[in-house]
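As the structure lists them, so they are numbered: ligands from 1, and atoms in each ligand from 1.
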Amino acid sequence: MAEHNFDVVILGGGSGGYAAALRSAQLGLSVALIERDKLGGTCLHRGCIPTKALLHSAEVADVAREAASYGVQASLQGIDMPAVNKYRDGIIDRLFKGLTGLVSSKAITLVAGEGKMTGPKSITVNGDVYTGKNLVLATGSFSKTLPGLDIAGRVITSDQALQLDFVPTKAIVLGGGVIGVEFASIWKSFGCDVTIIEGLPNLVPNEDPAVSKALERAYRKRGINFKTGVRFSGVQQSATGVVVTLESGETFDAELLLVAVGRGPNTAGFGYEENGIKMDRGYVLTNERLETSIPGVYAAGDIVPGLQLAHRGFQQGIFIAEELAGLKPVAIDELGIPKVTYCEPEIASVGLSEPKAAEKYGAENISVYEYNLGGNGKSQILGTAGFIKLIRKNNGPVIGIHMIGSRVGEQVGEAQLIVNWEAFPEEVASLVHAHPTQNEALGEAHLALAGKPLHAHA
Ligand SMILES: Cc1cc2nc3c(=O)[nH]c(=O)nc-3n(C[C@H](O)[C@H](O)[C@H](O)COP(=O)(O)OP(=O)(O)OC[C@H]3O[C@@H](n4cnc5c(N)ncnc54)[C@H](O)[C@@H]3O)c2cc1C
């Protein structure tokens with residue numbers, strides 16, 4: 001048994017862990033980064049990157065299918081799933097090589113193996129003890145399922161869905177949140193008959209209600225079936241398919257059932273609780289400095305309650321490194337974190353939804369404006385429908401931006417600056433937005449909210 005000492009020992013090499021490692025090394029701290037699988041974690045290998053590559057192939061399929069409406073003679077002959085997967089894996093391989101190279105170019109000791117907390121400042125890997133002046137826990141998350149719903153055979157999660165080398169002819173997606181609607185979008189574009197089953201009254205229930213309704217309209221138009229406000233009861237598998245039963249007794253048959261009911265913290269069996277870390281239902285509790293109940297032990301990413309997003313993990317990792325280096329970084333404002341759902345049409349948002357804003361400030365103290373993409377030249381060129389919805393505090397800053405429409409995810413950068421810098425609509429209205437871009441729609445929405453609409457009615 002060997003003992004190794006570092007300034008920082010990081011458990012988990014995903015978005016949160018590797019960001020903490022890179023920034024710590026940059027700041028001159030000695031770092032051990034422990035990873036049991038592959039650097040890059042869920043985001044690079046089983047999450048953001050592979051799903052967004054599939055969504056891009058899906059967009060290409062839609063463009064080919066609709067080519068005639070743009071005067072282009074082309075037709076969609078089919079989806080070659082092994083070739084789609086090869087394209088996707090090529091991207092992952094390149095990014096993985098880049099990340100591995102980046103980590104090895106810094107003073108970071110990469111330790112391969114599963115680590116377990118064996119003391120308040122120690123992690124043991126394959127019998128060796130890595131002790132840090134500080135620890136960072138960043139062990140990520142896993143696909144959850146429902147009690148009694150086993151993941152096996154034709155009942156799969158996003159992990160197995162990404163391994164499929166064929167397009168299912170018919171699929172049921174259990175869960176209408178981000179991962180569920182993204183897979184439904186991909187499969188529909190690839191020619192699959194999809195039905196989403198969601199227990200809450202709307203798809204993407206964490207978004208502003210206007211966005212949920214718009215997505216439902218768009219999905220109806222695309223022929224993506226969904227049942228909301230219904231409760232799943234059980235599933236039966238046979239050699240050829242699955243039959244899903246709802247509590248109402250209604251049944252649905254398909255080739256596959258994708259279970260997309262959220263992700264749980266990956267913390268069991270790693271010695272956290274045993275070493276005195278305060279937890280809640282498997283999540284690691286931290287203060288706003290991301291420090292756990294043990295001084296000097298920090299946590300980042302999906303194991304910390306809040307939005308489970310890669311860019312939140314990156315930012316938390318950077319924050320912790322800067323905190324350890326004594327830079328006293330500004331605490332992360334969770335409400336200012338941008339969210340994008342990459343289905344077709346895309347959804348992007350930052351800040352408060354209308355109901356949350358009304359709850360916080362009173363409905364009479366906020367103003368809302370919805371700019372329809374029908375008035376935006378670039379959106380018309382792309383053939384997309386949707387809107388940009390703004391919420392401001394009366395005589396105050398913009399506190400929420402909610403967008404739906406093809407490619408609106410690319411607009412979230414400006415949207416998050418507006419909300420996080422607490423800009424007033426009048427200030428944004430004076431900025432020039434390039435024509436013809438979809439970004440212009442953000443400018444137009446602020447012009448309208450500032451009381452001087454150009455290509456919109458007041
Ligand atoms: C299908 C899907 C699509 C997604 N799409 C997006 C998206 O578009 N945008 C977005 O922002 N987010 C997306 N996410 C979420 C994003 O992937 C996660 O928020 C992010 O990966 C969390 O980072 P993390 O560092 O907390 O954990 P992870 O990335 O899960 O990394 C944790 C790492 O720790 C390692 N590990 C765990 N336990 C141990 C141990 N005991 N010892 C050693 N190593 C260990 C794991 O092997 C893993 O590499 C998606 C997720 C999924 C599943």
Taking side chain as C-beta onward, heavy atoms only, is Ser185 less than 4.5 Å from Tyr219? yes
With heavy atoms only and a cut-off of under 4.0 Å, state how Ala138 meets ligand 1: side chain, backbone, both or neither. backbone
Quick one: does Ala161 get within less than 4.0 Å of ligand 1, heavy atoms only? no
Tell me, which protein residue and heavy-atom name are nearest atom 13 (C) of ligand 1, and how many Å apart are they? Cys48 SG, 3.2 Å
Considering only protein heavy atoms, which is closest to atom 41 (N) of ligand 1, and at what distance to one decimal place? Gly115 O, 3.0 Å
Just do the ring pair (Phe, Tyr, Trp, His ring centres under 6.0 Å) check on Phe314 and Tyr18 with the steps written out, would you? CA-CA 8 Å; Phe314 293 142; Tyr18 83 69; 5.8 Å; yes
Determine whether a donor-acceptor pair (N or O, by modelled atom type, separation under 3.5 Å) exists between the side chain of Asn275 and the backbone of Met117. yes
Enumerate the atoms of ligand 1 whose separation from the nearest heavy atom of Asn266 is less than 4.0 angstrom. 37 (C), 38 (N)
Does any N/O atom on Ser158 come nearer than 3.5 Å to any N/O atom on ligand 1? no
Who's the nearest protein heavy-atom neighbour of atom 21 (O) of ligand 1, and how far? Cys43 N, 3.3 Å
Option of least heavy-atom distance to atom 37 (C) of ligand 1 (set: Thr157, Thr139, Val125, Asp37): Thr139
Side-chain donor or acceptor of Glu198 paired with backbone N/O of Gly176 under 3.5 Å: yes
Using a heavy-atom cut-off of under 4.0 Å, does the side chain or the backbone of Val340 touch ligand 1, or both, or neither? neither
One thing to verify: whether Lys389 and Glu354 come together as a salt bridge, which I'm taking to mean a side-chain N less than 4.0 angstrom from a carboxylate O. yes
May I ask you to identify the nearest protein heavy atom to atom 19 (O) of ligand 1, giving residue, atom name and distance to one decimal place in Å? Asp302 OD1, 2.8 Å
Taking distance alone, with no angle check, do Gly12 and ligand 1 share an N/O pair under 3.5 Å? no
Going by the order shown, which atoms of ligand 1 are within less than 4.0 Å of some heavy atom of Gly113? 42 (N), 43 (C)
Relative to the heavy atoms of Gly301, which atoms of ligand 1 are at a distance of less than 4.0 Å? 26 (O)
When you compare ligand 1 with Ile303, is there at least one nitrogen or oxygen pair between them that comes in under 3.5 angstrom? no
Counting heavy atoms under 4.0 Å, the part of Ile179 that contacts ligand 1 is side chain
Parallel, tilted or perpendicular: which one describes the rings of His45 and Phe96, with boundaries at 30° and 60°? perpendicular
Please work out which of His311, Glu35, Lys116, Arg36 has its closest non-hydrogen atom nearest to atom 35 (C) of ligand 1. Glu35
Nearest-contact summary for atom 31 (O) of ligand 1 - protein heavy atom, Å: Gly14 CA, 3.3 Å
Asp159 backbone acceptor or donor facing Arg46 side chain under 3.5 Å: no
If the threshold is 4.0 Å, N to carboxylate O, is there a salt bridge linking Glu422 and Arg392? no
Ligand 1 contact by Gly313, heavy-atom criterion under 4.0 angstrom: no
Need the ligand 1 atom indices (1-based, order shown) with element for anything under 4.0 Å from a heavy-atom of Gly140. 26 (O), 27 (O), 28 (P), 30 (O), 32 (C)
For ligand 1, is there an N or O atom under 3.5 Å from any N or O atom of Glu114? no
Mode of Leu39 contact toward ligand 1 - side chain, backbone, both, neither (heavy atoms, under 4.0 Å): neither
When only distance counts, is Phe183 in polar contact with ligand 1, meaning an N/O pair under 3.5 Å? no
Can you check side chain to side chain donor-acceptor pair (under 3.5 Å) on Thr131 and Ser122, steps first, answer last? CA-CA 4 Å; Thr131 300; Ser122 299; 3.0 Å; yes
Please check: side-chain N/O of Glu288 versus main-chain N/O of Ala331, any donor-acceptor pairing under 3.5 Å? no
May I have the step-by-step check of side chain to side chain donor-acceptor pair (under 3.5 Å) for Arg222 and Ser189, ending in yes or no? CA-CA 9 Å; Arg222 288 188 63 192; Ser189 298; 2.7 Å; yes
Using a 4.0 Å cutoff against the non-hydrogen atoms of Lys52, which atoms of ligand 1 qualify? 5 (N), 6 (C), 7 (C), 8 (O)
Within 4.0 Å of some non-hydrogen atom of Ser15, the atoms of ligand 1 are 20 (C), 21 (O), 23 (O), 25 (O), 29 (O)
Considering only NZ, NE, NH1 and NH2 on the basic side and carboxylate oxygens on the acidic side, decide whether Lys52 and Glu182 come within less than 4.0 Å. yes
re atom 51 (C) of ligand 1, the protein heavy-atom contact at minimum distance is Gly47 CA, 3.9 Å
Nearest non-hydrogen protein atom to atom 15 (C) of ligand 1, with distance, is Gln308 O, 3.6 Å
From Leu146 atom CG to Leu174 atom CG, the distance as rounded to the nearest 0.5 Å: 5.5 Å
I need the atoms of ligand 1 closer than 4.0 Å to a non-hydrogen atom of Gly16, numbered in the order shown. 25 (O)
Taking atom CD of Glu66 as the centre, does the number of heavy atoms from other residues, nucleotides or ligands within less than 6.0 Å exceed 12? yes
Within this structure, what is the CG-CD1 distance for the pair Asn225 and Ile172, rounded to the nearest 0.5 Å? 10.0 Å
Only one of His446, Glu440, Glu414 clears side-chain hydrogen bond (donor to acceptor under 3.5 Å, both in side chains) with His433; which? Glu414
Residue, atom name and distance, where the atom is the protein heavy atom closest to atom 30 (O) of ligand 1: Thr42 OG1, 2.5 Å
Taking C-beta and beyond as the side chain, do Lys339 and Glu207 meet within less than 4.5 Å on heavy atoms? yes
List ligand 1 atoms under 4.0 Å from Ser141, heavy atoms only on the residue side. 30 (O)
Can you tell which part of Thr51 has a heavy atom less than 4.0 Å from ligand 1: side chain, backbone, both or neither? side chain
Give the contacting part of Arg263 toward ligand 1: side chain, backbone, both or neither, where contact means a heavy-atom distance below 4.0 Å. side chain
Heavy-atom pairs closer than 4.0 Å: do any link ligand 1 to the side chain of Pro50, the backbone, both, or neither? neither
For Gly276, is there any backbone N or O sitting under 3.5 Å from a side-chain donor or acceptor partner on Ser293? yes
